[in-house]
Amino acid sequence: MAEGAKIDLREKADRGPERAEQIERAGLELHAQIEERKEAENKLRESEERFRLLVEGVNDYAIFMLDPNGLVASWNQGAARLTGYAAEEIIGDHFAKFYLPEDVRKGLPDRGLRTAEREGRYEAEGWRLRKDGSKFWTNAVINALRDSAGRLYGFVKIARDMTERKRLEQKVRENEQLAAIGGAAAVFAHELGNPLNGISVSLQMLYRQLVAKNDSRDAQSIEVLSSVIKEIRRVGLLLDDFRSLAKPRRLDLEPTNLADLVAELLAVESGHYAERGVTAEQIFAPDLPTVMLDARRVKQALLNLCKNAVEAMPEGGKLTIEARLRDGRIEIDVADTGAGIPEDFPVFEFFQTTKEYGTGLGLAIVRQVVSAHNGGITYRSEPGKGTTFTVWLPLDLKPKP
């Protein structure tokens with residue numbers, strides 16, 4: 001073997017222990033890095049688990065994840081409490097399930113996602129649906145979620161139940177409107193009512209005289225008079241509605257059994273309903289307590305709702321009055337199987353009606369009665385299938401001193 005080769009081998013042999021030490025050090029460093037990474041991953045998993053448990057345990061807010069298409073990917077306790085859906089019932093479904101049908105037709109769910117995708121955030125308030133079909137008012141925020149490369153991988157939605165705040169706001173507006181219309185109604189009814197009564201009495205006397213003469217030449221005059229008298233009666237009904245709005249709102253409270261009150265109402269009206277081909281059904285929960293109400297006024301409000309329902313079924317149908325306890329109050333549904341209310345129709349505004357001879361004040365009177373009881377009224381309707389008005393009344397109403 002050449003001398004140079006021997007020297008090279010000796011040098012390599014001399015460096016062998018050093019090389020082994022370097023490899024050992026590198027191995028220890030790699031092991032330490034692996035352990036550090038494992039520890040970091042464990043801490044990350046623990047952090048993610050703590051965050052998941054925190055989110056899932058929140059009861060006051062609905063917090064849930066959506067995939068890029070709007071399908072529910074996670075669900076916390078607050079969402080279950082707010083909507084009535086358990087996680088296994090909703091994960092994988094589209095979040096549009098909570099929107100009113102008319103809002104879905106308008107494309108509101110997709111509009112919210114696209115706005116959040118474009119701007120990073122979307123906030124809105126509106127009525128949403130629970131699993132049982134009841135409505136709640138919510139404030140919701142949708143935030144877009146993106147990875148480090150900026151790719152959209154989903155959304156997070158945070159929603160809060162604002163129903164009580166909405167009801168209080170509506171009640172304030174209703175009270176202001178009713179106070180204004182009540183004052184005007186008192187003057188209007190007084191100024192117009194007296195001369196109208198005099199005209200009506202005079203025309204009826206003339207009508208009876210012409211009929212008694214039995215002269216064929218008076219036939220056209222009799223027909224005209226008959227039409228005029230009918231129109232005066234219609235105006236009289238309008239004035240009666242005005243007088244109802246103008247009456248003092250002080251309540252005459254007494255312990256009232258709502259089931260008995262509705263049964264009395266239907267007993268009186270059932271013959272009229274039957275003539276129009278309408279069947280009526282009363283469904284009351286057996287645990288409904290006696291409540292403090294102005295029985296006469298509540299009965300009138302329910303009668304107005306039933307009258308509207310029956311008139312919405314000119315070809316006949318079914319009227320259902322159903323009551324139940326919910327969230328410390330009594331809810332009463334008055335439902336029909338009639339034509340329904342056109343979408344976006346301002347049903348609670350004064351003088352708005354879908355009926356040919358309606359005054360547009362019946363629901364205003366209902367609202368006045370309900371508001372005086374610290375209650376509220378909402379409705380849901382589907383054209384061609386019917387309408388349901390829901391009145392809610394508190395259980396703990398106390399007489400005012």
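The analysis underlying the following values was restricted to heavy atoms, covering all of them including side chains, and did not include hydrogens, waters or symmetry mates. Here the structure is a predicted model, which is why all the values come from computation and not from measurement.
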Student: Just how far is it from atom CD of E382 to atom OG1 of T388, taken to the nearest 0.5 Å?
Tutor: 10.5 Å
Student: Show your working on side chain to side chain contact (heavy atoms under 4.5 Å, CB included) between L393 and V291 and close with a plain yes or no.
Tutor: CA-CA 9 Å; L393 299 167; V291 290; over 6 Å; no
Student: Before giving the answer on side chain to side chain contact (heavy atoms under 4.5 Å, CB included), spell out for R380 and T387 the whole-Å C-alpha distance, their side-chain angles and the decisive distance to 0.1 Å.
Tutor: CA-CA 6 Å; R380 59 184 183 275; T387 300; over 6 Å; no
Student: How far apart are the C-alpha atoms of K157 and V141, what are their side-chain angles, what is the distance that settles it, and do they pass the side chain to side chain contact (heavy atoms under 4.5 Å, CB included) test?
Tutor: CA-CA 6 Å; K157 183 168 184 176; V141 177; over 6 Å; no
Student: How close do F155 and R114 get, heavy atom to heavy atom, and via which atoms?
Tutor: CZ-NH2, 3.9 Å
Student: Ignoring hydrogens and geometry, is there a side-chain-to-backbone donor-acceptor pair from W75 to Y85 under 3.5 Å?
Tutor: yes
Student: Where is the tightest heavy-atom contact between L319 and A309, given as atom of each residue plus distance?
Tutor: CD1-CB, 3.7 Å
Student: Consider side-chain contact (heavy atoms from CB on, under 4.5 Å). Of L305, T378, D336, which one does F389 pass it with?
Tutor: L305
Student: Rounded at 0.5 Å granularity, tell me how far CG in L108 sits from CD in E102.
Tutor: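 Taking CG in L108 and CD in E102, the distance rounds to 9.5 Å.
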Student: Between P68 and E117, is there a side-chain heavy-atom distance shorter than 4.5 Å?
Tutor: no
Student: Please check if the side chain of H373 supplies one atom and the backbone of V298 the other of a donor-acceptor pair under 3.5 Å.
Tutor: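 Not confirmed, H373 side chain does not pair with V298 backbone.
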Student: Does the side chain of Y273 reach to within under 4.5 Å of the side chain of L266, using non-hydrogen atoms?
Tutor: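 Side-chain contact under 4.5 Å: yes.
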Student: Just by distance, do the side chain of S226 and the backbone of I222 share a donor-acceptor pair under 3.5 Å?
Tutor: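 No.
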Student: Checking the side chain of D252 only, and the main-chain atoms of D294 only, is there a donor and an acceptor separated by less than 3.5 Å?
Tutor: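 Not confirmed, D252 side chain does not pair with D294 backbone.
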Student: What I want to find out is whether R324 reaches D132 closely enough, with some N-O distance under 4.0 Å, to be called a salt bridge.
Tutor: no
Student: Quick check: are there more than 12 heavy atoms from other residues, nucleotides or ligands sitting under 6.0 Å from CD of E119?
Tutor: yes
Student: Is there side-chain contact between L152 and D147, with at least one heavy-atom pair below 4.5 Å?
Tutor: no
Student: In the structure I gave you, are the side-chain heavy atoms of L302 and L265 within less than 4.5 Å of one another anywhere?
Tutor: yes
Student: Atom CZ of F95 and atom CG of L71: how far apart are they, to the nearest 0.5 Å?
Tutor: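 CG of L71 is found 10.0 Å from CZ of F95.
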Student: Do the side chains of R367 and L363 get nearer than 4.5 Å, heavy atoms only?
Tutor: no
Student: With a 4.5 Å cut-off on side-chain heavy atoms, are K135 and L100 touching?
Tutor: yes
Student: Under 4.0 Å between a Lys/Arg side-chain N and an Asp/Glu carboxylate O for R160 and E123?
Tutor: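 Salt bridge absent between R160 and E123.
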Student: Salt bridge or not between K299 and E264? Use side-chain N to carboxylate O under 4.0 Å.
Tutor: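 Salt bridge: yes.
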Student: Can you list the steps and then say if T163 with F136 is a side chain to side chain contact (heavy atoms under 4.5 Å, CB included)?
Tutor: CA-CA 5 Å; T163 307; F136 62 97; 3.3 Å; yes
Student: Do D333 side-chain atoms and A335 backbone N/O form a donor-acceptor pair below 3.5 Å?
Tutor: no
Student: Drop me the distance from S74's OG to N76's CG, to the nearest 0.5 angstrom.
Tutor: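 So the OG of S74 and the CG of N76 are separated by 7.5 Å.
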Student: Could you tell me whether R329 and E331 have a side-chain N and a carboxylate O separated by less than 4.0 Å?
Tutor: yes
Student: For a 4.5 angstrom cut-off between non-hydrogen side-chain atoms, does Q300 reach R297?
Tutor: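 Sidechains of R297 and Q300: no contact.
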Student: Between D103 and P109, which heavy-atom pair has the shortest distance, and what is it?
Tutor: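 Reported closest heavy-atom pair: O-CD, 3.8 Å.
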Student: Assess whether a salt bridge exists between D161 and R130, defined as any Lys/Arg side-chain N lying under 4.0 Å from an Asp/Glu carboxylate O.
Tutor: yes
Student: Measure the OG1-CD distance between T256 and E254 for me, rounded to the nearest 0.5 Å.
Tutor: 4.5 Å
Student: Taking all heavy atoms of V72 and all of I90, pick out the closest pair and write down the distance.
Tutor: CB-O, 3.7 Å
Student: Do you know the tightest heavy-atom contact between I321 and C306?
Tutor: CD1-SG, 3.5 Å
Student: Quick one: does T337's side chain have a donor or acceptor within less than 3.5 Å of a partner on K318's backbone?
Tutor: yes
Student: Under a 3.5 Å cutoff, is there a donor and acceptor pairing between the side chains of S227 and E223?
Tutor: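 Result is no, nothing qualifies.
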Student: For the residue pair V104 and A96, what are the closest heavy atoms and their distance?
Tutor: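 In terms of heavy atoms, the two residues are closest at CG2-O, 3.8 Å.
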Student: With distance as the sole test, does R165 use its side chain to make a donor-acceptor pair with the main-chain N or O of W137 at under 3.5 Å?
Tutor: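 Not a single qualifying donor-acceptor pair exists.
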Student: Please tell me if the side chains of P289 and L325 come closer than 4.5 Å, counting only heavy atoms from C-beta onward.
Tutor: yes
Student: Ring of Y99, cation from R128 - is the NZ or CZ under 6.0 Å from the centre and inside 45° of the axis?
Tutor: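 Ring-cation test returns yes.
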Student: Under a 4.0 Å N-O cut-off, is there an ion pair linking E311 with K307?
Tutor: yes
Student: Enter the distance from L395:CG to I330:CD1 here, rounded to the nearest 0.5 Å.
Tutor: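 Nearest 0.5 Å value for the CG-CD1 distance: 5.0 Å.
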